[in-house]
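What follows is a single structure, written as structure tokens, with notes after it.
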Amino acid sequence: MRRTFTCIVCPNGCEITADYEERGGAVDVTAVSGNLCPRGKEYVAQELTDPRRTIASSVKVESGEFPLASVRLTAPIPKNRIFDAMEEIKKCSVKAPVKSGTVLIHDILGLGSDLIITKDVEAVI
Ligand code: SF4
């Protein structure tokens, strides 16, 4: 089988054409072209077997200099759990001051990724 992917590992966004075979639930990537580095083949193999994505979003801040603080996951999670994770993130709010790097949700949905704040927000006095 042949499929084309856009690698999202780095900003180059290589268009990769991959030939692969499926055997008994396993996927064997036999050839790739269009990738500028070996990570492209790893990305394709991951996409075919266990596609993952990360999330960058924001949460409400009470009494802060800004109404929102940016957040992100520390590791990609299975693509089919993105909406579930977004629902968990929507439930979050924090009280200022908040510091970048603070863990808001440890091990979100048991998926091995933390939700962390990525922006300092000072309190409004
Ligand atoms: S194949 Fe390599 S260079 Fe191309 S987008 Fe992926 S990581 Fe970047």
Side-chain angles (χ1 to χ4, degrees):
M1 284 179 272
R2 175 170 287 187
R3 208 172 125 189
T4 302
F5 299 83
T6 301
C7 182
I8 60 171
V9 174
C10 89
N12 283 328
C14 296
E15 291 289 319
I16 302 174
T17 300
D19 294 320
Y20 62 97
E21 293 169 8
E22 291 177 336
R23 288 190 214 96
V27 176
D28 183 22
V29 179
T30 55
V32 290
S33 61
N35 52 313
L36 290 175
C37 80
R39 288 181 297 167
K41 185 175 181 182
E42 293 166 19
Y43 171 75
V44 166
Q46 179 87 42
E47 278 294 286
L48 288 167
T49 55
D50 178 24
R52 289 178 173 254
R53 295 288 183 276
T54 190
I55 296 175
S57 185
S58 54
V59 298
K60 289 180 189 158
V61 179
E62 290 174 40
S63 309
E65 59 178 336
F66 306 114
L68 297 170
S70 53
V71 296
R72 71 169 172 81
L73 294 178
T74 55
I77 61 173
K79 197 173 169 184
N80 63 3
R81 301 301 307 276
I82 290 288
F83 286 111
D84 298 334
M86 282 303 297
E87 288 304 313
E88 293 301 304
I89 294 170
K90 276 190 218 165
K91 295 176 195 167
C92 287
S93 66
V94 291
K95 188 165 173 45
V98 292
K99 290 283 175 207
S100 178
T102 302
V103 175
L104 268 187
I105 303 177
H106 176 69
D107 193 19
I108 190 166
L109 300 169
L111 298 172
S113 182
D114 297 337
L115 181 73
I116 61 166
I117 299 261
T118 58
K119 180 182 176 68
D120 290 350
V121 181
E122 297 301 327
V124 172
I125 301 168

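All ligand and atom numbering here is 1-based and tracks the order in the structure. Keep in mind that the numbers below use all heavy atoms, side chains included, and drop hydrogens, waters and symmetry copies. Numbering starts at 1 and runs along the sequence shown.
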Exercise. Please determine if R39 and E42 form a salt bridge, counting it only when a charged side-chain N lies under 4.0 Å from a carboxylate O.
Key: no
Taking only non-hydrogen atoms of N12 and a 4.0 Å limit, the atoms of ligand 1 in range are 3 (S), 5 (S)
Within the 4.5 Å heavy-atom criterion, are L115 and I89 side-chain neighbours or not? yes
*N, O or S from C37 under 2.8 Å to atom 2 (Fe) of ligand 1*: yes
Between C14 and atom 8 (Fe) of ligand 1, is there a contact where an N/O/S atom of the residue lies under 2.8 Å from the metal?
no
Atom 8 (Fe) of ligand 1 sits nearest the protein heavy atom C10 SG, 2.3 Å
The atoms of ligand 1 lying under 4.0 Å from a heavy atom of R39, numbered in the order shown, are 7 (S)
Is the shortest distance from a Lys or Arg side-chain nitrogen in E47 or R53 to a carboxylate oxygen in the other one below 4.0 Å? yes
Atoms of ligand 1 under 4.0 Å from any heavy atom of G40, numbered from 1 in the order shown, are 1 (S)
L36 heavy atoms within 4.0 Å reach ligand 1 at atoms 1 (S), 3 (S), 4 (Fe)
_Residues T118 and S70: side-chain donor-acceptor under 3.5 angstrom_ = yes
Validation row: I108, L73 side chains within 4.5 angstrom (heavy atoms): yes
(Q) Go through it in stages, so that I can follow the logic: the residues are E122 and K99, the test is salt bridge (Lys or Arg N to Asp or Glu O under 4.0 Å), and I'd like the CA-CA distance, side-chain angles, deciding distance and then a yes or no. (A) CA-CA 8 Å; E122 297 301 327; K99 290 283 175 207; 3.6 Å; yes
Among non-hydrogen protein atoms, atom 6 (Fe) of ligand 1 lies closest to C7 SG, 2.3 Å
If we number the atoms of ligand 1 from 1 as shown, the ones under 4.0 Å from a heavy atom of V9 are 7 (S)
### Query
Heavy-atom distance under 4.5 Å between the side chains of E21 and M1, does that happen here?
no
